[in-house]
S.K.: 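One structure, as structure tokens, below. Some questions next.
We name chains A, B, ... by the order of the sequence lines, and we start the count at 1 in each one.
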Amino acid sequence: MLGGSAATLVLASTLAACGGGGGGSGAPVLNWYINPDSGGQAEIAARCSEASNGAYTIEVAQLPRDSPAQREQLIRRLAANDESIDLMSLDVVFPPEFAQAGFLAPVPEDVAQEVSEGVFEGALDSATWNGELVAVPFWANTQLLWYRQSVAEAAGLDMTQPVTWDQLIEAAESQDVLLSAQGRRSESLMVWFNALLESAGGQYIEESGESPEEIQFGLSTPEADRASEVMAAVANSSAVGAGFTTASEDTSATEFESDDAGFMVNWPFVYAQAVSKVEAGTLDQSVPDDYGWALYPAVDEGTPSAPPLGGIDIAVSAFSRNVDLAYEAVTCIVQDENQADYMVTNGNPASSIAVYDDPEVREAYPMADTIRESLELAASRPLTAYYSEVLGSFLREFHPPGSVNDQTGERTETLTKAVLTGEQLL
Amino acid sequence: MSQTTLPPVEKTRPVSAPRGTISDRSRAERKLGWMLAGPAFVVMLLVTAYPILQAVWYSLFNYRLTDPENRTFEGLGNYAVILTDWVWWQAIIVTVVITVVTVAVELVLGFALALVMAKALSSIRPVVRAAILIPYAVITVVSAFAWQFAFRIDTGFVNNWFAWLPGVSDTTDWFGGQASSLFVICLAEIWKTTPFISLLLLAGLAQVPEVLQEAAKVDGATWWQRMWRVTIPNMKAAIMVALLFRTLDAFRIFDSIFVMTAGANNTESVSFLAYRQTISRVEIGLGSAVSVLLFLSVVLIAFGFIKGFRVDLAQARGER
């Protein structure tokens, strides 16, 4: 009996997976491969399916939790010309690679125009490759500088003015509190370094080319040296937690809820998390009440803040049997109402500027204006079709962050080039 | 002269089973054997030989999954890149260290557990066996996460429990360095796979004839002497098979490293390197070459065991 129902289940899900063509009388099914969230994308899918009046039905399929694993699954399926993928939620660093490989269906002119209006420039950049929009920005993330108001006050830091990393180290050390950042060997280390480099006035990739040999890196520069110096200064200061080389965004968020909390750079989810912990009764209301937020710290006084940019773009597979319908669905998904709703219910900031004036958004996010300002300044991570190699080489040299010095950038550049030309392993 | 007394051909022929004199019955048995095992053999060839050959073929190319048009023949170029790269040798050293440490500890522990299982009171024997086997039933990824949570600086309890040990304190970051990370990885592996070795050794223990033990006892041998002179020599085949299987397994370690450190602090194993090239970088050519080298290492280990220690798989099954 059990075996029978299991077989039926398998059969049913196989049929669902093959439903892209939409056989029979039902509406064509569009399969949307999503990154895991709190159910927001599934809800948007249902809403857009209904709004299409039977033109299409969107079904969501969940990808693995972390973005490299999402990419690995999608890229292997697309390399095998998998027709069952119509829409994909892609992390902002991946569209160039997918586009270069020919995995993305070209964005129709009218759609490109419609979805580009009123969108943060950084978010649009991340979805653009070789001068053309290849994916559609859905939500855009950015890191803020979070601080405990009580600590900043005691340290005499004026948080209404831009602050530098050196000031933060000094303030945290003097108050004997934690300065939380992400020192783990993962994407988050690149997020941090790239923000430092951009603030110092440098660029990770100065010129990207078609072939790996043509890529010009900006790592043997004084700007990169300055960024490395700041990174090492933070990692070696007494203000970071004991497990800094393994600290992730979640580690930082937990540290920031503790009594030792002082300063932290992190994504806005930390606020929603603290609020929900208060609702669950595991955190005192006084903790989130003490939270303050400001723009991401700068490398030096007078240099601009260059906050990290994250988020998700929606791409349409080149192998989809319903490309036109898929783009119709995308334009529905990224509508302002959906983005606003998604921001309130799932905690992911919108890529559309207008959403930040939505009353509901402003109520849920007292820092909405700071997020908007941060997204206006936000700098993309290196956009390249070889992101996996670039990131892997970076992590090999830049982890642990405490051992980074003025040679690290140059070594990374040499290693990345050797890896890209197939002369070295990674 | 010797040639006249014994013809040279005679020397090479085993006396007990001369060639060409197979009886009808054993010929029929052999035929039946092939008919029974044949289909499985063909399936095995299809599912193992084909991918291996395909990997060997791909390893000769510069082939990126996202750029199939620019596939170029490289000959042995990929192997040259790998074998001249310190990253590869670093991974080999880490893998060998993990293999030697875990297999050595598991052998001693596994033997002790096998003795416990064999000698436990018959009333509690099923419970003891089940308890010992539980870790082996746990999925490696799950066990890796469990050990990681235990040792992590934020969620872990290990620092708290063992703070009285020198070198351990509230702020010990186990995954912050190579040696301490490898220590936790080895610990997780040992915990998880010792039951496997003890199970194989238990089967070996059962093969030691009771009469030998009794004879040794009558001769006044101590427990220790019986262990060294009677039990262990008689189960050498089982020990060697257990060692061989575990060594081959340990050499391919991946899950624990992937979950616990993701290769940070130079804890990458050879399998991890193959994963990074093939799956993350989608460099099928280079990745296949790493996989082929890993395969050759495993073949070398198996060959070394079988020839060097004269492990006889048939003997371990009790066929001879």
S.K.: Going through the checks in order, is the side-chain contact (heavy atoms from CB on, under 4.5 Å) test met by A:T246 and B:R152?
M.R.: CA-CA 9 Å; A:T246 50; B:R152 249 165 65 165; over 6 Å; no
S.K.: Any heavy-atom pair between the side chains of B:D154 and A:T254 that's under 4.5 Å?
M.R.: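 Not touching, per the 4.5 Å side-chain cut-off.
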S.K.: Please determine whether the number of non-hydrogen atoms from other residues, nucleotides or ligands lying under 6.0 Å from atom CD of A:E173 exceeds 12.
M.R.: yes
S.K.: Do you know which of A:R71, A:E389, A:Q424, A:H399 has the most heavy-atom pairs with chain B at a distance under 4.5 angstrom?
M.R.: A:E389
S.K.: Name the region of A:E97, side chain, backbone, both or neither, that has any atom closer than 4.5 Å to a heavy atom of chain B.
M.R.: side chain
S.K.: Distance check, rounded to the nearest 0.5 Å: A:S388 atom OG versus B:I279 atom CD1?
M.R.: 11.0 Å
S.K.: What part of B:E74 lies closer than 4.5 angstrom to a heavy atom of chain A: side chain, backbone, both or neither?
M.R.: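 Contact with chain A involves no heavy atom of B:E74 at all.
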S.K.: Any idea which of B:W88, B:Y275, B:F175 has the most non-hydrogen atom pairs under 4.5 angstrom with chain A?
M.R.: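 Counting heavy-atom pairs under 4.5 Å, the top option is B:Y275.
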S.K.: Report which part of A:F103 has an atom under 4.5 Å of a heavy atom belonging to chain B: side chain, backbone, both, or neither.
M.R.: side chain
S.K.: Just wondering, are more than 12 heavy atoms of other shown residues or ligands nearer than 6.0 Å to CG in A:N81?
M.R.: yes
S.K.: Charged N to carboxylate O below 4.0 Å: is that the case for B:R276 and A:E72?
M.R.: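 Answer for the salt bridge query: no.
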S.K.: Of the non-hydrogen atoms in B:I153 and A:G243, which two are nearest, and what is the gap between them?
M.R.: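 Of all heavy-atom pairs spanning B:I153 and A:G243, the closest is CD1-N, 3.6 Å.
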S.K.: So what's closer than 4.5 Å to chain A heavy atoms on B:E268: side chain, backbone, both or neither?
M.R.: side chain
S.K.: What option among B:T261, B:D67, B:I82 has the most heavy-atom pairs under 4.5 Å with chain A?
M.R.: B:I82
S.K.: Roughly how far, to the nearest 0.5 Å, is CG of A:L425 from CG of B:D85?
M.R.: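 Here the interatomic distance stands at 4.5 Å.
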S.K.: Take atom CZ of B:F73 as the centre, draw a 6.0 Å sphere, and report whether it contains more than 12 heavy atoms from other residues, nucleotides or ligands.
M.R.: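 Yes, the 6.0 Å shell around CZ holds more than 12 heavy atoms from other groups.
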S.K.: Check whether any side-chain heavy atom of A:L426 sits under 4.5 Å from a side-chain heavy atom of B:Q277, and report yes or no.
M.R.: yes
S.K.: Given that the side chain runs from C-beta out, which part of A:E423 has a heavy atom under 4.5 Å from chain B: side chain, backbone, both or neither?
M.R.: backbone
S.K.: Working to the nearest 0.5 angstrom, can you tell me the gap between A:T245 OG1 and B:N265 CG?
M.R.: 6.0 Å
S.K.: Got more than 12 heavy atoms from elsewhere within 6.0 Å of CG, B:L36?
M.R.: yes
S.K.: Can you tell me which portion of A:R184 sits under 4.5 Å from chain B's heavy atoms? Options are side chain, backbone, both or neither.
M.R.: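 When you check distances to chain B, no heavy atom of A:R184 falls under 4.5 Å.
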S.K.: May I ask you to name which of A:Y387, A:Y386, A:F244 has the most heavy-atom pairs under 4.5 Å with chain B?
M.R.: A:Y386
S.K.: Side chain, backbone, both or neither: which part of B:W86 has an atom under 4.5 Å from a heavy atom of chain A?
M.R.: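 No part of it gets close to chain A.
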S.K.: If you count every heavy atom of other residues, nucleotides or ligands that lies below 6.0 Å from A:E132 atom CD, does the total exceed 12?
M.R.: no
S.K.: Give the member of A:R396, A:R76, A:Q100 that has the highest number of heavy-atom pairs under 4.5 Å with chain B.
M.R.: A:R396
S.K.: Could you report the tightest heavy-atom contact between B:R64 and A:A385, atom names first, then the distance?
M.R.: NH2-O, 3.9 Å
S.K.: Give the minimum heavy-atom separation between B:L65 and A:A79, together with the two atoms involved.
M.R.: CG-CB, 3.5 Å
